Chemist: 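Encoded as structure tokens, here's the structure I'll be asking about.
What you see is a predicted model, and the numbers here were worked out from it, not measured in a lab. We name chains A, B, ... by the order of the sequence lines, and we start the count at 1 in each one.
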Amino acid sequence: METVKLTIDNKQIEVPKGTTIYKAAKGMGIDIPVLCYMDLHDLGVENKPAGCRICVVEVEGRRNLAPSCSTACMEGMVVKTHTPRVINARRTVMELILSDHPKDCLTCPKSGHCDLQDMAVRLGIRNIPGQEYAEMSTYKKDFSPAIIRDVDKCIMCRRCETMCNQVQTVGALSAVNRGFTAVVAPAFEQDLEKSPCTFCGQCVAVCPTGALTEVDHTAKVIRAIADPTKTVLVQTAPAVRAALGEEFGMKPGTLVTGKMAAALRKIGFDYVFDTDFAADLTIMEEGTELLDRLTRHLNGDKSVKLPILTSCCPAWVNFFEHSFTDMLDVPSSAKSPQQMFGSIAKSYFADKLGKKRDELVVVSVMPCLAKKYECQRDEFKVDGNPDVDYSISTRELAHLIKEFNINFAELPDEDFDRPLGESTGAAVIFGATGGVIEAAVRTAYEVQTGKKLEKIDFTELRGMEGIRTATIDFNGLPINIGIAHGLGNARKLLEQVRSGKANFHAIEVMACPGGCIGGGGQPLHHGDSSIIKARMEAIYREDAGKEIRKSHENPYIQQLYEEFLGKPMSETAHHLLHTHYFNRKKDVYIK
Amino acid sequence: MSHVKVELKPEQVTKIKEICKSFNNNPGELINVLHQTQGAFGYLPAEVQEVVAAELGIPVAKVYGVVTFYSFFTMLPKGKHPISVCTGTACYVRGAEKVLDEFKRILEVKVGESTPDGKFSLNCLRCVGACGLAPVVLVGDKVYGRVSPDGVKDILNEYAD
């Protein structure tokens, strides 16, 4: 490998040719400040528009300062990262950015988690010269069911654009207009809801300021809990327990399942249930549907659609409803675990309590923003009453816990309530990419072959690679499986299927890189993708520690079928647990 | 950017597709495609941009981003008599803004818009190389020099057919 030698802050270093000054310095323990730059190394994502100029350094012999994030090291270069000229320039750049930024930090939803705020602190900004007369760019706010755009707070770092276009290939957001009026917006500056946006929330996950935030439902949840006429149920998604601790200063990858259940009980939810229960239910329905399609296919039925595509991820559902409208009958018709839970809670469980569905309020805690969109879809309502009333993110739950004066770290471990709180290891791994299909394989294998699995861990289905494939031996019958996380990878895999190049029986898709653990509603990773890896390890740790690790062995699932549903894909199950998809493609955005 | 709603005729869609095809539907040729399309249509309404995006296989948000970045591109149709007021340095210091304001007042349009009857559209441009005649106004290809706000009415009257 060709290398170059250079000096950074009076120290010699040798780096591979092409290394940026920023990365070379980082390797020496020199932490040059960056704002627009983002490197999600484990996901192969890098955003370096060299737009903000916070990372400038002095290079001997060069007339102007160099942006270190995008300037390659050269042989013999002499770089200085903290001369008075550099420090001055950084402060001026920051002051200019702030001069066109609202000063409502105290009430901004991003306060305390804002990269811009942190940078102002770090650079010691105490004054914004000229702010009395400086003009501010203003722009309309955009309220969608999941994401709020407040573009006045945009600093044009373009991180959201990178996520939306390069990683997710959704293409909802682009930089438009120029100069002072430049903003990141959907086509024709329409609202997000009229764009191809899937509400995956990856733009929110990387936004350094309060320009992109989630719709906050905590106030509605507080009101519901205080309402004596309502019985309030909460369900928590698998990925939440692997990340919530981070909001309370715990190490990434800390599992807080027991503390979370205790906190929810303290907040005052009447029943603390688990979306994992519904994940087990999803496996029963989706796994049965897979085996049904497979059997018909093997018997020569030409009308059967394979591969079956998972349908747990609401952003993925939004994506194919927009981009693969010719394949709407390919995904599994199984509802997502969130919606299955709501549906069962407001039928089976409401009957058990002897209550009407509108006396129950179902709250979900999700690592996801698309879940906010999903729960308000019309097909998931009965007479206008939604199966899931409010969906809050992991971050919103952390807020609630703090607002309810709960010392999270000192909570004892508690368990979920029964019956809708019991779950297996198969349900937990729904939170990581590859987990849903692994859970489905654990059950489908035993149902199909009639044999007991000797090895429950299918490590060949795990990992961080964007697209993974594996063939699982179902007692002599090879089952080809595809896995994609990140919608860009899903698009690649789906295009192979559409053109007939790929021969899969089942494909799992998760919209967010890493799966739900990297969801748009999770604690912000601030560009550190090792956090997502740590959460993934936590998920598999939780699975390994579970007594029951196969969905069909969940005794409360068995009871639900005995008492209420009959068998998987029965008429009742179809009515309550399955859905259909719509063509959401809009050719003309201007109406 | 403000815009108008149009319904494309099948032959117009075909025309856009032909232009895209002449550039091998290469997304890297977006600017050239838009250039030719605007040449053919006079402007680039949203519907045209959607066809271009679909043909080149890129998000329509990207196309819109390019259209709004370059001042050459417009989403509004030009009037029968397009008026351009030079707001380059020389014209500006000699009162181009007051001239522009008078056009806006009389025609009741903003910069970039057309009158409802489609007769006049109003735009700014930067320097036509006739600084000695500042402030300069163009109507179609005809150049008017040393225009004062009082003279705006006379210019418009020339087109009162």
Side-chain angles (χ1 to χ4, degrees), chain A residues 49 51 137 139-140 142 149 151 154 156 158 160-198 203 319 322-325 487-488 491-492 495 498-499 585-591, chain B residues 1-10 12-14 16-17 20 25 27-28 30-31 33-34 37-38 41 43-77 87 110-113 123-126:
Chain A
S137 54
Y139 200 80
K140 61 176 179 172
D142 172 7
R149 287 172 58 237
V151 181
C154 175
M156 292 301 282
R158 320 282 287 266
C160 56
E161 210 187 331
T162 296
M163 294 312 277
C164 192
N165 290 278
Q166 270 139 266
V167 180
Q168 301 294 61
T169 67
V170 168
L173 294 173
S174 175
V176 304
N177 303 325
R178 69 185 298 169
F180 199 58
T181 57
V183 290
V184 175
F188 316 122
E189 298 170 62
Q190 297 282 298
D191 290 342
L192 271 185
E193 230 185 324
K194 288 188 177 171
S195 80
C197 177
T198 65
C203 56
F319 186 67
H322 192 278
S323 297
F324 291 89
T325 50
L487 290 171
R491 184 188 289 278
K492 278 188 214 147
E495 274 166 2
R498 192 192 248 164
S499 65
K585 180 141 183 74
K586 304 174 198 89
D587 279 322
V588 176
Y589 296 104
I590 293 183
K591 283 276 185 292
Chain B
M1 194 180 258
S2 37
H3 29 63
V4 291
K5 169 109 186 91
V6 294
E7 210 157 297
L8 293 177
K9 296 189 191 85
Q12 290 178 307
V13 175
T14 310
I16 304 168
K17 286 184 176 175
C20 293
N25 291 38
L30 175 61
I31 290 178
V33 168
L34 291 174
T37 311
Q38 182 161 298
F41 289 83
Y43 67 118
L44 295 168
E47 292 74 6
V48 168
Q49 294 179 40
E50 281 177 337
V51 178
V52 169
E55 288 303 297
L56 303 187
I58 51 175
V60 66
K62 284 274 154 206
V63 177
Y64 179 73
V66 169
V67 168
T68 53
F69 186 84
Y70 293 104
S71 58
F72 172 79
F73 296 125
T74 172
M75 287 181 65
L76 294 172
T87 50
K110 290 189 204 123
V111 174
E113 289 179 350
N123 270 295
C124 294
L125 54 74
R126 296 287 152 86

Chemist: Look up atom CE in B:Met75 and atom OH in B:Tyr43, then write down how far apart they are to the nearest 0.5 Å.
Modeler: 10.0 Å

Chemist: Considering residues at least two apart in sequence or located in another chain, which fulfil the side chain to side chain donor-acceptor pair (under 3.5 Å) criterion with B:Thr87?
Modeler: B:Arg126

Chemist: At a heavy-atom separation under 4.5 Å, does A:Ala182 approach chain B through its side chain, its backbone, both, or neither?
Modeler: neither

Chemist: Atom NZ in A:Lys492, atom CG in A:Leu487: separation rounded to 0.5 Å?
Modeler: 12.0 Å

Chemist: Distance from A:Tyr139 atom OH to A:Arg149 atom CZ, nearest 0.5 Å?
Modeler: 6.0 Å

Chemist: Can you tell which of A:Pro186, A:Ala185, A:Ala172, A:Ser174 has the highest number of heavy-atom pairs within less than 4.5 Å of chain B?
Modeler: A:Ser174

Chemist: Just verifying a value: how many Å separate A:Phe188 CZ and B:Gln49 CD, rounded to the nearest 0.5 Å?
Modeler: 4.0 Å

Chemist: Just jot down the side chain to side chain donor-acceptor pair (under 3.5 Å) partners of A:Arg178, sequence neighbours excluded, or say none.
Modeler: none

Chemist: Could you work out, with side chain to side chain donor-acceptor pair (under 3.5 Å) as the rule, every residue matching A:Glu161, not counting sequence neighbours?
Modeler: A:Arg158, B:Lys62

Chemist: Select all residues of residues 162-171 of chain A having any heavy atom within less than 4.5 Å of some heavy atom of chain B, and report them by number, or 'none'.
Modeler: A:Asn165, A:Gly171

